[in-house]
Amino acid sequence: MTKNNRDLPGALLAWYNRHARRLPWRAPPGAKPDPYRVWLSEIMLQQTTVVTVGPYFERFVARWPSVQALAASPLEEILTEWAGLGYYARARNLHRAAQMVTDKFDGRFPDDEAGLKSLPGIGDYTAAAIAAIAFDRPAAVLDGNIERVTSRLYAITEPLPGVKPVLRRLVAEITPRQRPGDFAQAMMDLGAMVCQPARPRCLLCPLVRFCEGSAQGIAAELPRKAAKKARPTRHGIAFWITDEQGRVLLRKRPEKGLLGSMTEIPSTDWREDKPSQNAAANAAPLALDWSPLQGRVRHVFTHFSLELEIWSADVEGSAAPEGTFWCRLDDLGNQALPSLMRKIVKHVLTAK
DNA sequence: TAACCGTGGCA
DNA sequence: TTGCCAAGGTT
């Protein structure tokens, strides 16, 4: 490191003035950010790429332009609009938080980290990010990008997540009083475009003269992370049941847990052991004459992989059993169907 | 603390 | 094909 880190924020902000990404949720330079849009984008961006979030963000702000509008919406409509984005607790918490802001905070978002963290779905990172970006507070923002940038800047070789408090302290030291929101976004843009995970482009980096990791030639190896657990495979059988009107039988999942509150194609439990034919027949919502379809539907969740076999059957004049409902095929787009379920629909409709 | 919680793109 | 990773939070 050839320069005192006192010069680091200025060097980064000068780079950001030229290279900032233009993103739908960013206010134009000089304009005041809308806390609602900042909050909504930060929730969507949790563990989710900028490219994926873009269209979802646009649809949400078009349909719900304010936190009050979102609070007044039925949760089901929010889940339907969120379908495909993943981590569905975010959508449930989004709705609850909107109602808290509307009812308890007089329609205004809290403007400091502690207040923001009292809202469901907002943790350390998101509270700091909103405080800095929307309210110009010099909060220490630490996301995956900034963990990587900072661990390289200071050549931190201890593994994540244990070393996180150290990184947060270092970020707090270099966060400026002026333009803290731009500083945080600049660090994230730098991590996304220059200080990339496998291939840091140190030749292009505005901070290379401050970077101990680059000086030591170990930047690409940082940050170190604890080993990850193996991902088991679970198995199940899903039931594609259609009636004489061409409708399909659906079911709402339990409120919490995996794919909580979303709509599903009925199925057996998903376990590491494949269900027996008998157990599957007993788990089906109706007792029918089943035809197993060709092939399997595979899907990968965070902590397990899933392989589903599909059993198909037709039924005439049957009332939907408790907890299930009929849905016309052309209405499937209006259901809160997560990606796995859309994958099943596609598999069935192309196999038949 | 560590397990749980989605999805899609890319090397 | 497999593992890694992305503007993490909750319990």
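We name chains A, B, ... by the order of the sequence lines, and we start the count at 1 in each one. Computation of the quantities below employed the complete heavy-atom set of this structure, encompassing side-chain atoms and omitting hydrogens, waters and symmetry-equivalent molecules.
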Can you confirm whether Arg63(A) is buried at CZ, in the sense that more than 12 heavy atoms of other residues, nucleotides or ligands lie under 6.0 Å from that atom?
yes
Its 5'-most and 3'-most nucleotides having an atom under 4.0 Å from a non-hydrogen atom of chain A, DNA chain C is contacted over dC5(C) to dT10(C)
Sorted by chain and number, sequence neighbours left out, side-chain contact (heavy atoms from CB on, under 4.5 Å) with Pro223(A) holds for Arg148(A), Ser151(A), Leu160(A), Lys225(A)
So is Arg59(A) actually on top of Tyr56(A)'s ring, under 6.0 Å and inside 45° of the axis?
yes
Using a cut-off of strictly less than 4.0 Å between a heavy atom of the residue and any atom of DNA chain B, enumerate the qualifying residues of residues 17-49 of chain A by number.
Gln47(A), Thr48(A)
Validation: residues 273-280 of chain A side-chain donor-acceptor distances under 3.5 Å, sequence neighbours left out:
residue, atom, partner, partner atom, Å
Ser276(A), OG, Ala279(A), N, 2.9
Asn278(A), OD1, Asn282(A), ND2, 3.3

Give me the residues of residues 79-99 of chain A where at least one heavy atom lies under 4.0 Å from an atom of DNA chain B, by number, or none.
Gly84(A), Leu85(A), Gly86(A), Tyr87(A), Tyr88(A)
Distance in angstrom units between Phe304(A) CZ and dC5(B) P, rounded:
7 Å
Close N/O contacts between protein and nucleotides 9-11 of chain B (under 3.5 Å):
none

Check each residue of residues 54-71 of chain A for a non-hydrogen atom within less than 4.0 Å of any atom in DNA chain C, then write out the ones that pass by number, or none.
none
Could you tabulate the donor-acceptor pairs under 3.5 Å formed by side-chain atoms of residues 105-114 of chain A, not counting sequence neighbours?
residue, atom, partner, partner atom, Å
Asp112(A), OD1, Gly115(A), N, 3.0

What residues 121-145 of chain A contributes to the DNA chain C interface at heavy-atom separation below 4.0 Å is Gly121(A), Ile122(A), Gly123(A), Asp124(A), Tyr125(A), Thr126(A), Asp143(A), Gly144(A), Asn145(A)
Could you list by number each residue of residues 170-185 of chain A showing a heavy-atom separation from DNA chain C of less than 4.0 Å, or answer none if no residue does?
none
Contact list for residues 188-197 of chain A, test side chain to side chain donor-acceptor pair (under 3.5 Å), sequence neighbours left out
Arg21(A)-Asp189(A), Arg26(A)-Asp189(A)
Looking only at side-chain N and O atoms, does Asn93(A) offer a donor or acceptor that is under 3.5 Å from a partner on Tyr87(A)?
no
Got a sec, which pairs hit side chain to side chain donor-acceptor pair (under 3.5 Å) with one end in residues 37-49 of chain A, sequence neighbours left out?
Glu42(A)-Tyr125(A), Gln46(A)-Thr126(A), Thr48(A)-Arg90(A), Thr49(A)-Thr52(A)
